[in-house]
Structures are given as structure tokens and as C-alpha cells.
Amino acid sequence: MFNLVENEILKTIFKKRLLLILGILFVLIALFSYGEKYTIQKNKDQLTKRIGVSASYNWSKLSEQQIISIKGRLDNPYIPDSEKASLRVQIEQLQYDIDHGINPVSSSAGKFSSSFMEQAIFMFIPLLIIMLAADMMSGEASTGTIKLLLTRNVPRWKILVSKFLALLILEVIVLVFSIILSTLVSGLFFGYGGWREPVVAGFKVIGGKLDASNVRSVPQWQYTLMVYALAYFVAVVIGSISFMVSVLVKSTSASIGIMMSTLVGGTILSFFIADWKFTRYLFMVNLRLTDYLSGSVQPVAGINITFSVLVLSAWAVGAFIISFVRFTTQDILV
Amino acid sequence: MLTPVLQLEDISKNIKGREIVRDINLTLEAAEVFGFLGPNGAGKTTTIRMIVGLIKPTHGRIKICGYDVSKDFVKAMSNVGCIIESPEMYKYLTGKDNLLQYASMDKRVTKERISQVIDMVGMEHRINDKVSTYSLGMRQRLGIAQALLCKPKLLILDEPTNGLDPAGITEFRNLIRHLALEDGMTVFVSSHLLSEAQQMCDSVAILKHGTIVKHTTVKEILESETIEWSLSDPLKAINILKEKWGIVGSMNSDNILSASLKGLSLEDVNAYFIHQGIGLKYANKKQNTLEELFLDLTEGDEIV
């Protein structure tokens, strides 16, 4: 089995697909950290002008200012209730930061690494994983190499499982490289520190009210690890579903296309999540797992981290079973 | 009695309601070079895919060295090396890396064996180049090399001479004969090059519309001969052949009668024709070839 998994990983490396994915990751991280630096600088300048104090030294004033502006929006009678709830959550979070001496404005490599993944978890990381996984089986089918692979003295299920294990390992590689690249690149802009700063996690939203009873302050490094662990879980789920599509569809471009349109379509469907119950069982709308950590979640009754993790797990297990059954029984006609 | 290397028992395959292959029975013994011939779409590749377990027969059983392919896949496939249609290798790997991929899937394959098969197919000089730079002929050679890695008892080659130059074809033919003679390998070759098959194979089967219409040895084909007569009354002669000797003759559009005499002496037949008052212009002995037999049996079908 080990030799088969090794074969699969070697193939992905020599195909330069992994290299391409890491290259895209690097470019995006560089753009993202430059963008963040630019925005922070601009915000600081604006606020300094507006409040007349230097924001970098007096960030708590800045947070208070933000709270006032959000409260102003809450008075607007035309804002829907669900958004009001989310604004209230933001206020309470800002208040919590002020009370506990946490600076929300400044950035650091530590902070960037987690905030980057919080933004990437529902679209960018899934896209990279789709590029990786959607080729696993259809790549062999479209080039015809599957015929030589399946006529060795190795049972079909072993070929399938070895490819799946290789995918799990490649997903680890992608996420480890995201931590390394985001730290190295953002460090150039914000400095390499910030790993020991406290981060608040564990907010719970109950009926549109923030429940701070579970709130804990954890060091940044621990928070980053939690974010990446959730991202790995998302990668495994997306990987399994793409893997299934690549077993079912013979062409790589078709399987990448199917997965990408599903993913993008899902983000559109997530607008209906509060009213249309069916949509909450789609994997695409449950990918923002890190939002449950930071508390920046749109509060919808019945949807919490346990729900999302269960939905995603069910999708991953289902996808694996379908791939397994289909692959071990199908006629290879390519 | 030795277990046959390959046994097909009543194999049929339907794909989407169409019967592609129907009731194929075939037994190959050790060290036999077998040619599997047939026009396009006759079901050659479908049959080969069933033998190597890529598709499941709708009906029937396939055994390789006594092991059922659907029940004992791993044991059956331990005895098989194959190329199905064109030899598709990983283009982004070198020839050597391709072989290493397949070698690592089979514990029996040693480093020595890898260099041995590279030698056998004459690839020493190009083996460390990427497959994307290979010509079709080079890829064929590499394909044969990967099929030989596990020292199979049954070597299945689908159109193996595609893309080989004349020298390459001769080399390939010698390699196949050598493998059968020295290593006792059974070689199953599907081909559309009939003169090739005639030179290379011990036995052939001709497939038409999914069934085997003829299974015979090449020797038998070459030994049989056909006589062609130009006669004053060919119809009468056909009747005579039929009534006196039970031989079925046929007449072509030029009124040339042809028949196979099956051991009868031509002099006797000619003497009898003359005795019966049939004018004899000429009689000509013609040795049969596989090509004629093939065209005869697959009449009206396109051969590519």
C-alpha cells in the first residue's frame, strides 16, 4: 500500500500540478498581505484625520468610534433583523477587545496567517483542492493510463484507496505551505511576531445575542492552529467530493468545471439559508467553519459548528462510498 | 494435463443493449503465439479488455493459468502483461520512471529485471528521456517493456506493431518468437497486419460481428491449396465435384471455378472432367494465404 501511495504522490509532483498550486498560493498571499498593509495604512490615515488622534497609539479610541458608528446603523429601521443581530455581535466583540486590551487594528505575521485562512477557507482553499483532487482519477482516464494501472496484480480497491490517501497527504502539504508562505510573506510587511498576542475565540450566538460564557482568550499561535485544522477538515471534505466527481467523470476539465460551478453556485444559495431550509444541507454553505471560532457568523437558528461539521462529514463519507462502489465495479472503456 | 494459460468459456458482452461479443470459446496453451484477427468493430479490443478484467463479461468465464479473472483477479493478473490499444504512459515522466512506477506495484520485479526488459526492447539510449519526447514507435517499445516486467505467462498485445518501422517490426517479431520459444510465454496478439500475423503466429482466430468464425493453425492455412479451373461448362463441373467427391466448389464472375481438393489428385479430377466432356482450358494450383482466408470470411466488411 505504501508503495502505491508513494507512486501517486510522485506522479502529482512530476506533473507539476502541486507546484502550480503552491505558486498560485504564493501569489495570492503576496497580494493579500500587500492589500492588508495598504488598507491598514489608509484606515489609520483617515481615522487620524477624523478623530484627530494617532490611531496606532490609541486604538481603543478607534474601536469606540467604530462601535458608535455601528450603533448608528442599528437605529436604521430598514435594516433586516438578521443583520441587526450580526451588528450587535460585532459591537460586543469590539467591546470585548477594548475591555481585554486586544488591538484589532494592527497586524502581524501571526495575525495574518489566521486572518488569511479565515478568508480563504470557503473559496480559495477549496478551489486549490479541486485543482488537485479533480485530476486524481479523471487524469488517468483521459490519458488512458488507467488501463495499465488496473491491469497489474493489484486489486482495484487498493488503487482507489492509495489515491485517496495520497490526496489526504497532498492536502496536508498544501495547508502546511499556506502557513509557511503566509508567515514568511506577511512577515515582510508586518514583522514576524504576534504569535503570543491574545485572540478571543469561542463566541456563541444564541438567538442573535452574543453568548460570551464560552469566550476564552487564546494565544495567536493556538488560534492559528485551530483555524488551519478546520481548513484541513474543509480540504478533506472538498477533496473527497472532487475525488468522487473525478471517478464519475472521465475528463479532468469537466470534473474541475463541475466542482467549481457547484462551489460558486453554493455561495449564491447561501443567501437563502435562513428561509429555505434545504440549502443548509449543502456542503457549499457550511464551509465557513472559522466564522464559528471568531463569532462573525450570520446567526441562523439551528446552524452551529456541530451542525456544519456533521453535514460536511456526511458529504465526505457519502462521496467516498460512491467513489469506492463505482470505481470497483465500473467497466473501463476508455 | 497442463492447465491452459488462457481459457474463455462462452464469453458474451452486451454494452448498452448491443451485443458486442457473443459466445467466444478459446483455449491457449503454453508457448503458443496466437493471432486475434478481425475487421474494425468485430469485438477484438472488447474481448481483450474482458481478459484483463477492465470490463466484466455479461456471461461466461475467463481463466488465466486456472484462476478466474473475476474471482481471483490478483492471482490471475500476476500471470499477465498487456498493452491495451495504444501504449499510454505518463508523458511527464521519463521512460525509466514509468517502468519504476509499474515495478513498484509488483514485489517480484527486481532492478535487474528492469534493465533486462529495457535491453530486450532496445531502449537503453532513450530510457532517461521524458515520454512526451518519444515517437509512437518508442512508446510501443516502452509499452512492451512494461508488459514484460513481471515475466508474464500470458502476454497480451493489442496492435503492437502500430507505429513501428519495418526494422522495428522485424525486431518485434523476433522478440515475440524468442519469448515464446525460450521463455515459454503465450503471446496473444491482435493485429490487422495479416502478413505479419501469418509470419508471427502459430494459430489464429478470425472474429466477425463478435463471434469467432474461424480458429485454425497458420500451418493448416498454408498447407491447404485451392485449384482454379477455366472450363467450358463450369456448372456441370460443380455438380460433378459435389456428387462424386462431395467437394463444394464456387464460381466467380469470370466463370473461373475454384475448389479445394482435400488430398485428391488434380490429375484424376481433370481426367474425369475431360471424360465427362468438359473442355479444360487451364487448371492452376494456388496456395492459400491468411489474407485470402480473412477477406473470404469477413467479406463485405471494411478492413482497416
Side-chain angles (χ1 to χ4, degrees), chain A residues 1-21 131-132 135-163 165-166 170 247 250-252 324-334, chain B residues 13-16 20 45-46 48-58 64 67 69-70 72-94 97-109 130-132 142-143 146-147 149-150 152 156 158:
Chain A
M1 198 61 153
F2 176 75
N3 53 342
L4 298 178
V5 176
E6 189 189 8
N7 274 356
E8 293 306 326
I9 290 180
L10 281 177
K11 275 189 256 177
T12 319
I13 291 172
F14 278 113
K15 216 188 286 177
K16 303 214 170 81
R17 197 160 275 265
L18 188 62
L19 200 67
L20 175 72
I21 287 167
M131 284 177 66
L132 197 65
D135 183 56
M136 284 308 267
M137 212 51 100
S138 58
E140 304 263 5
S142 58
T143 57
T145 47
I146 193 156
K147 290 181 286 185
L148 289 182
L149 200 60
L150 294 186
T151 52
R152 329 291 326 172
N153 56 344
V154 175
R156 274 197 197 182
W157 69 265
K158 271 197 185 175
I159 304 278
L160 181 100
V161 172
S162 66
K163 275 186 179 287
L165 290 177
L170 291 165
V247 169
K250 297 285 167 287
S251 116
T252 303
F324 193 93
V325 171
R326 172 77 181 147
F327 188 70
T328 49
T329 54
Q330 82 191 126
D331 279 353
I332 307 290
L333 293 167
V334 286
Chain B
K13 177 71 185 177
N14 297 347
I15 296 176
K16 289 180 182 145
I20 310 285
T45 300
T46 305
I48 292 177
R49 280 168 192 269
M50 285 193 275
I51 296 173
V52 296
L54 286 176
I55 60 181
K56 283 196 181 63
T58 314
I64 296 171
Y67 297 110
V69 172
S70 57
D72 252 332
F73 180 79
V74 173
K75 277 183 185 157
M77 292 312 289
S78 300
N79 298 300
V80 180
C82 64
I83 308 179
I84 312 296
E85 287 179 315
S86 45
E88 282 120 349
M89 312 300 263
Y90 300 109
K91 289 204 168 76
Y92 48 87
L93 297 179
T94 65
D97 285 334
N98 265 287
L99 292 181
L100 287 174
Q101 282 268 327
Y102 299 118
S104 78
M105 296 175 77
D106 191 332
K107 288 191 187 72
R108 298 168 298 169
V109 180
K130 283 237 169 81
V131 173
S132 52
L142 189 60
Q146 66 73 30
L149 273 176
C150 69
I156 299 177
D158 196 0

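Reminder, nothing fancy here: chain letters follow the sequence lines and each chain counts from 1. These numbers come from the heavy atoms of this one structure, side chains and all, not from hydrogens, waters or symmetry mates.
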Which portion of A/Thr143 sits near chain B, non-hydrogen atoms under 4.5 angstrom: backbone
Contacting moiety of B/Lys107, where chain A heavy atoms sit under 4.5 Å: neither
Largest heavy-atom contact set with chain A, pairs under 4.5 Å, which of B/Ser78, B/Ser86, B/Gly81: B/Ser78
For B/Asn14 against B/Thr58, the heavy-atom pair lying closest together: N-OG1, 2.7 Å
Toward chain A, the part of B/Ile156 with a non-hydrogen atom under 4.5 Å: neither
Segment of A/Ile159 engaging chain B (4.5 angstrom heavy-atom cut-off): side chain
Atom of B/Ile64, atom of B/Ile51 and distance for their closest heavy-atom approach: CD1-O, 3.6 Å
Among the listed options A/Gln330, A/Lys147, A/Glu6, A/Lys16, the residue most often paired with chain B at heavy-atom distances under 4.5 Å: A/Lys147
Nearest heavy atoms of A/Ser142 and A/Ser251, plus distance in Å: CB-CA, 4.5 Å
Under 3.5 Å donor-acceptor, A/Arg17 side chain and A/Asp135 backbone: no
Contact winner vs chain B - A/Leu148, A/Thr329, A/Asn3, A/Val154, heavy-atom pairs under 4.5 Å: A/Leu148
Exam field: side chain A/Arg156 to backbone B/Leu54, donor-acceptor pair closer than 3.5 Å: yes
Top of B/Lys75, B/Met105, B/Gln146, B/Gln101 for chain A proximity - count of heavy-atom pairs under 4.5 angstrom: B/Gln101
Residues A/Glu140, B/Glu88; criterion side chain to side chain contact (heavy atoms under 4.5 Å, CB included); working and verdict: CA-CA 10 Å; A/Glu140 304 263 5; B/Glu88 282 120 349; over 6 Å; no
Plane angle bin for B/Tyr90 and B/Tyr102 - parallel if under 30°, tilted between 30 and 60°, otherwise perpendicular: parallel
Side chain / backbone / both / neither for A/Lys11 at chain B, heavy atoms under 4.5 Å: both
Toward chain A, the part of B/Leu93 with a non-hydrogen atom under 4.5 Å: side chain
